[in-house]
Amino acid sequence: MSSQMNFRELVRKYDIPAPRYTSYPTVPCWEQAPDAAEWTASVRSTLQQHGERGWSLYLHIPFCESLCTFCGCNTSITRKHEVESPYVEQVLAEWKSYLQKVPELRERPLQVLHLGGGTPTFLSPENLRRLIAPILESTRRTSQFEGSVEVDPRRTTRAHLEMLRELGFNRVSLGVQDLDPEVQRVIHRNQTLEQTIAITEAARELGYVSVNWDLIYGLPLQTLEKIERTVEATLQAKPDRIALYSFALVPWIKPQQRIFKDSDLPVGEEKRALYERARGLLLEKGGYREIGMDHFALPTDGLSRAMDRGDLHRNFMGYVDHRTDLLLGLGVSAISETPRHFHQNEKVLNLYSQRVLSGEIPTHRGHSLTDEDREAREQILTLMTRWEVEIPSREQREGLAQMLSEMITDGLVRLEGQKLSVLPEGKPFLRNACMALDRRLRARQPQARVFSQSL
Ligand code: SF4
């Protein structure tokens, strides 16, 4: 590092509020939502240009039986399972509206179906079937179709996994977070290792080809010893992929996080050390490969192979191994994207329900991308997935040289010829480097408290 800054100083300097870049423009910078006609025309034209390339469908199930206090998802907390049937009817009504307005959805093959939440397995196996089977019956699938589901091992049974496997699901992602009982108590998520192992083994026995564990670093009361024990147990189970997410502390958006004491929260250098300890174990002891900024995969897993092929992608679900031009999201608060638009559904369950049952497309907000947005979107996506990006415009390179001058001096990024690269020492600061490519953030400067810290 030419500036001779040590890691502690770098963290102090660069640990600032920064987007996670699961989309560009980021949601707080969205404007110009498409109206229903414009949005469905965007979906149609994307599919018309698609040929036999597949598209992606996301189904959002918002319900959870209890609230995990760290959680940043759009959830609806209830123990009343009477909500299941009406919700299935609502999502199917939304799907029916799309089928009427976008007949191409029947003709073009589906590549990816992802079931997320909330807790998808809050629904009984029978209600999940009532939701998914009619959707799959009304469209075609590619020969390499992937069905993936996020599961909470506390609320998932073998019967759920059997039913989803029958419908063609082949990937499962388990919420684990941290296995330490003290950490679990403070995040309000008591989950035994036995519960997690039981679902992992059941998925394998049933023929799911990829099992993922989601872990989080930076949780309250987490220490190096605790994360080490969690990772050691993870290595025993050997999931095919692991997401090691940074805990996003956003109490101004998620008030339940206010119960965490500042003194219990690892921040800055201490927080990053948790990631580095886990990373070291996964790479050196577990034989995993590091994918992007927070994922790990065995060399045999699809995410690893996508990295080798150079077609790793990032969207609202994080790093994924298939890029499709259309991601259609159904369900309350679900987000969709096409090359020209972003679209988010109504976030309030009652309003979502009223709107879909009356045949409306339940738009809450969205964004129509300009040509400049599309260029920046590709650049940020490339940097997030490949650690380097070509910048053909001399004017933009000159601007970047100025904006990134300190990161260049500190040995974190390099701008050489037409190429902007994140150096190995700069990997923890990838989100900071992306901010230099984010024209909307600079133009609009949303309040800093919109985003969590970059590390
Ligand atoms: S972490 Fe998962 S189970 Fe917990 S509240 Fe959030 S969505 Fe629900």
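Just so you know, residue 1 is the first one in the sequence shown, and it goes up from there. Just follow the structure's listing: the first ligand is 1, and inside any ligand the first atom is 1.
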### Message
Between Arg106 and Thr139, do the side chains contain a donor N or O and an acceptor N or O under 3.5 Å apart?
### Response
no
### Query
Which protein N, O or S atoms lie under 2.8 Å from atom 4 (Fe) of ligand 1?
Cys68 SG
### Message
Between Glu337 and His367, do the side chains contain a donor N or O and an acceptor N or O under 3.5 Å apart?
### Response
no
### Query
Quick one: does Val320's side chain get under 4.5 Å of Asn315's, heavy atoms only?
yes
#### Entry: Contacting atoms of ligand 1, where contact means under 4.0 angstrom from a heavy atom of Phe70
1 (S)
### Donor + acceptor pair across side chains of Arg440, Thr26 (<3.5 Å)
no
### Query
Does a side chain donor of either Ser148 or His114 reach within less than 3.5 Å of an acceptor in the other side chain?
yes
#### Entry: Donor-acceptor side-chain pairing of His341 and Ser42 below 3.5 angstrom
yes
### Query
For ligand 1, which atoms have a heavy atom of Gly118 less than 4.0 angstrom away?
7 (S)
### Candidates Met307, Arg305, Glu146 - the one meeting side-chain contact (heavy atoms from CB on, under 4.5 Å) with Asp321
Glu146
